[in-house]
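Working notes, beginning with the structure itself.
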Amino acid sequence: MAFNQIQFQHGMSITEFLGCFGTEAQCAEAVKQARWPDGFRCPSCGVADHYVVGHGARKLFQCNGCRHQTSLTAGSLMEHTKLPLTTWFLAGYLISQAKTGLSALALKRQLGVSYPTSWLLHQKINRAMARQESTHRLSGLVQIDDAYLGGERTGGKPGRGSENKVPFVAAVSINGKGHPMHLKLNLVSGFTAQAIKEWARDNLAPGSVVTSDGLSCFGAVTEAGCIHMPVVVGDLKPRDLPQFKWVNTVLGNLKTTLAGAFHSLKYSKYAGYYMAGFAYRFNRRFDLHTLVARLIVDVARCGPIPKRVLRAQAEACF
Ligand SMILES: [Zn+2]
């Protein structure tokens, strides 16, 4: 699908969303389907035979084998939540449909919840996206570039290595027609051979053919079984070269998103999650209509975040 067709495709309207996920019972059923697509299985002993106590989000499933009781949200990202599932689902809808990202503050206004609540929802949903993004690697032809968050220009080249900037790698896989397929945005400890080797092992399939502007550390992708094709940039800027068209387009969009939605982003702490959220939406742009349903599945299947992690984040934020 060409880019212009992607931009004009229909997402899910709010009316349609509310028709599918407007009540607690609908949301509870969706969580159940996401967590146990082949029917309930006791998380303790694996037995399917069970009975149900209560209703809606507070429904309890009791195993007939070992008597273990579990709730719809136990062991998931939504564990111990006091919010209605409809609020979680609406947050997922708003985050998934916002073309240029959505801040925790915008989420607070739209949901009518307190800022700490919207902040936690925002964090958790972005973490679910990041977790899902970490499960795939790019393959085939891949354009990569080094970039920084913070400082004067997100995605800008000048000032490599300057203070208060968070280094990250942007990588886009390209199909045989030269169209962008999938995106990876990952924080790295720096632009060193060791950091790039580790990044490539986690994010590129062996045999990928990697084009870069020749920054010396990128040669380390060969240590992860990839083929490196450095392009001599000379006096030109990489954004002027066709070899870097898509990675530069993406970096430009990312810059707009972060500038518009995340004015006070504490880059070093949270940037990885927000960039993963951006990549999550980009990688599912071919089908905006099912994006929200898939996000709900990913949120329902994401494990809980330990309380100590959340507490540390809350202290840093409020
Ligand atoms: Zn059991």
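For ligands, and for the atoms within them, numbers begin at 1 and follow the listed sequence.
The 12-atom threshold is exceeded at CE of M181, counting heavy atoms of other residues, nucleotides or ligands nearer than 6.0 Å.
Among residue pairs with one or both ends in residues 60-69, those qualifying as side-chain hydrogen bond (donor to acceptor under 3.5 Å, both in side chains) are D49-N64, Y51-Q62, Q62-Q69; sequence neighbours excluded.
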Step-by-step ring-ring contact (aromatic ring centres under 6.0 Å, His included) determination, Y115 to H122 | CA-CA 10 Å; Y115 185 70; H122 195 256; 9.2 Å; no

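Applying the side chain to side chain donor-acceptor pair (under 3.5 Å) criterion to T86, with sequence neighbours excluded, gives E24. The side chain to side chain contact (heavy atoms under 4.5 Å, CB included) test applied to A293 returns no partner, not counting sequence neighbours.
Looking only at distances, no side-chain donor or acceptor of Y280 sits under 3.5 Å from a matching main-chain atom of Q132.
Around the Zn ion (ligand 1), the protein N, O or S atoms found under 2.8 Å comprise C42 SG, C45 SG, C63 SG, C66 SG.
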